[in-house]
Amino acid sequence: MKIAISQKGILTLAPNAIRGQQYWCPDCGQLVRICRGKAKKAYFAHQNDRQHGQGETNEHQVGKIQMLEWAKKRGWQGELEHYYPQIKQRADILLKRPTQQVIIEFQCSNLDLKRLVERNQGYAQIGIKPIWILGSPYRHWLRANRQAQFTYLDHQKPTIYFWDYQKAELIKMVGWISAKAKVNPQQVSQDVYRSQFSNGKNQTVRQIVTQVYQAGHELSTSPLVAHCRETNWPFLAEPLFFWHLRQLLWIERFGLGKTWLLREWLLGVDQFSAWLPLPCLSKQQRQQVHQQLIWAWTKQLLTARILKQDQHKIIYWHPPVWFPNYEAKLRALRRIK
């Protein structure tokens, strides 16, 4: 294997790896070691075959015991490796209180969406909701789709749970959704650069660039409101910038004064959105998250005066302002700082 993930989460070529530092496999998430020889070029190899296959890692073994003890100190009773014959599944940890049961799954190795959904559905058959807690490999390499895959709502905020077995403690990665986020120059530059850099390589980028061009615009001259960030969490299958652009192009199809009932507006935006699966949330929670993000974006459009709200109606009030060139856009951005 020529590439692995460093402690800083950076893809690293084997010849550039530093001895004494840890690296993880980008495929399965397990620890790998750097191998160098006189006759063979540097490469990464898994620590041992058992960890790369179906065996249980030391982190998984130790972490389960730690979590059970941690839960007992907080009033839970529990056991490890509880088997449910009716669904043919074994839970890492079963926790019990007089009126409550919770299953903990400690995930240290690669788990695809299909398998996660199957296990969740199995537990749903016996009326117990599992909580997935992730091990150290996921902290170093957590792509957007995986982040969505293990998302929960904790105090109404998107959250992923990790267990640090070296410190024996629970860690939360918490996100936010807000309509108060302002546009900043760095965000504008990142959105434009990534779009231009990826154009021709990524189908999603090519598609949005084409749509913008067919509407008579250039992507780099898009309205500033397109660069707002209502969330730092990957709920969508595309960058927020692209989602905003699609919404703006959709709005421009209508004439000024177009009016939607609030419910119609929210439904229209929802139908124009490619949502990532959130299998650890209930249907109601998924709808809640979607509506929260859509409403945050709607507030940005209201602030920009593209839309106007009249009680339970949303009105297309002013056309989005596309700039004549990128330099004019940057000048406008500096004026609102």
Side-chain angles (χ1 to χ4, degrees), residues 1 3-12 17 21-33 44-48 50-68 70-71 80-81 89-93 95 102-120 123 129-154 157-176 231-237 276-281 285 289:
M1 185 167 57
I3 298 177
I5 302 163
S6 72
Q7 294 172 204
K8 295 182 179 180
I10 299 172
L11 287 172
T12 305
Q21 292 192 9
Q22 289 184 314
Y23 295 89
W24 286 263
C25 173
D27 181 31
C28 70
Q30 298 297 338
L31 276 171
V32 294
R33 65 182 188 276
F44 292 106
H46 288 84
Q47 295 283 22
N48 56 64
R50 190 165 185 259
Q51 285 190 351
H52 190 222
Q54 298 298 318
E56 186 177 28
T57 65
N58 179 63
E59 177 181 3
H60 193 246
Q61 292 175 332
V62 173
K64 288 188 300 182
I65 296 171
Q66 290 174 335
M67 278 188 272
L68 180 57
W70 181 87
L80 299 176
E81 301 294 333
Q89 289 182 201
R90 189 181 302 278
D92 283 338
I93 307 170
L95 299 178
V102 175
I103 285 172
I104 302 294
E105 289 285 4
F106 184 36
Q107 195 62 36
C108 296
S109 59
N110 185 43
L111 183 71
D112 61 31
L113 176 63
K114 181 181 177 181
R115 182 60 180 148
L116 174 72
V117 170
E118 289 173 350
R119 290 190 65 82
N120 282 354
Y123 291 132
K129 183 178 180 179
I131 297 177
W132 293 85
I133 299 179
L134 305 181
S136 60
Y138 283 92
R139 293 184 67 187
H140 296 280
W141 190 247
L142 195 63
R143 292 179 178 176
N145 60 332
R146 289 300 176 86
Q147 191 171 332
Q149 182 175 317
F150 294 104
T151 293
Y152 289 88
L153 287 185
D154 191 324
K157 294 182 179 179
T159 303
I160 290 180
Y161 302 109
F162 296 93
W163 184 261
D164 187 335
Y165 83 109
Q166 294 179 328
K167 296 181 179 179
E169 67 179 17
L170 183 68
I171 297 173
K172 297 180 183 180
M173 184 171 79
V174 182
W176 49 265
T231 184
N232 64 342
W233 210 261
F235 295 114
L236 294 154
L276 285 174
L278 299 167
C280 292
L281 298 185
Q285 287 176 321
V289 167

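Residues: numbered from 1 along the sequence shown.
- Between F44 and Y23, the ring-plane angle classifies as tilted under the 30° and 60° cut-offs.
- Summarising the geometry, atom CG belonging to D92 is positioned 11.0 Å from atom CD belonging to Q61; distances are rounded to the nearest 0.5 Å.
- Taking CG from L80 and CG from L68, the interatomic distance works out to 5.0 Å, rounded to the nearest 0.5 Å.
- Side-chain contact check for P158 versus V174: every heavy-atom pair is 4.5 Å or farther apart.
- In terms of modelled atom types and a separation under 3.5 Å, the side chain of Q149 and the main chain of L111 share a donor-acceptor contact.
- Checking side-chain atoms of H60 against main-chain N and O of Q107 turns up no donor-acceptor pair under 3.5 Å.
- Taking the side chain as every heavy atom from C-beta outward, Q66 and E169 never approach each other to under 4.5 Å.
- Note that CD of Q22 is 14.0 Å distant from CZ of R33, once rounded to the nearest 0.5 Å.
- With hydrogens and angles left out, the side-chain atoms of T231 and W176 include no donor and acceptor closer than 3.5 Å.
- For the pair Y165 (side chain) and G135 (backbone), a donor-acceptor distance under 3.5 Å is absent.
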Quick one, I103 with I131, criterion side-chain contact (heavy atoms from CB on, under 4.5 Å). Give me CA distance, side-chain angles, the key distance, then yes/no. CA-CA 6 Å; I103 285 172; I131 297 177; over 6 Å; no

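- Considering CG of D154 and CE of M173, their distance stands at 13.0 Å, rounded to 0.5 Å.
- Nearest heavy-atom pair across V32 and A4 is CG2-CB, 3.8 Å.
- In this pair, Y152 and Y161 present their aromatic rings tilted. The plane angle is within the 30 to 60° band.
- Residues N110 and R146 have side chains that bring a donor and an acceptor to within less than 3.5 angstrom of each other.
- The two atoms that bring C108 and P137 nearest to each other are O-CG, 3.3 Å, heavy atoms only.
- Exactly one of K64, R115, R119, K129 qualifies for a salt bridge (charged side-chain N to carboxylate O under 4.0 Å, His left out) with E105. That residue is R119.
- The two residues Y123 and A91 have their closest heavy-atom pair at OH-CA, 3.5 Å.
- Within the 4.5 Å cutoff, the side chain of L113 has heavy atoms near those of the P277 side chain.
- Taking all atoms of both residues into account, the shortest heavy-atom contact from P279 to A148 is CD-O, 4.1 Å.
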After noting the C-alpha distance and the side-chain angles of L276 and F235, does the key distance pass the side-chain contact (heavy atoms from CB on, under 4.5 Å) rule? CA-CA 6 Å; L276 285 174; F235 295 114; over 6 Å; no

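- Between L170 and I133 the shortest side-chain heavy-atom distance falls below 4.5 Å.
- Within 6.0 Å of atom NZ in K157, 12 or fewer heavy atoms from other residues, nucleotides or ligands are found, so the atom counts as exposed in its surroundings.
- Here the side chain of E59 pairs a donor or acceptor atom with the backbone of S136 at under 3.5 angstrom.
- Of the candidates L116, L278, T159, F150 forms a side chain to side chain contact (heavy atoms under 4.5 Å, CB included) with just one, namely L116.
- Note that CG of L134 is 5.0 Å distant from CZ of F162, once rounded to the nearest 0.5 Å.
- Here the CG atom belonging to N120 is positioned 10.5 Å from the CG atom belonging to L281, to the nearest 0.5 angstrom.
- Between V289 and L153, the closest side-chain pair of non-hydrogen atoms falls below 4.5 Å.
- For N232 (side chain) and G175 (main-chain N/O), no donor-acceptor pair under 3.5 Å exists by modelled atom type.
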Does W163 form a side-chain contact (heavy atoms from CB on, under 4.5 Å) with I171? I'd like the steps, not just the answer. CA-CA 6 Å; W163 184 261; I171 297 173; over 6 Å; no

Show your reasoning for whether side-chain contact (heavy atoms from CB on, under 4.5 Å) applies to W132 and I160. CA-CA 8 Å; W132 293 85; I160 290 180; over 6 Å; no

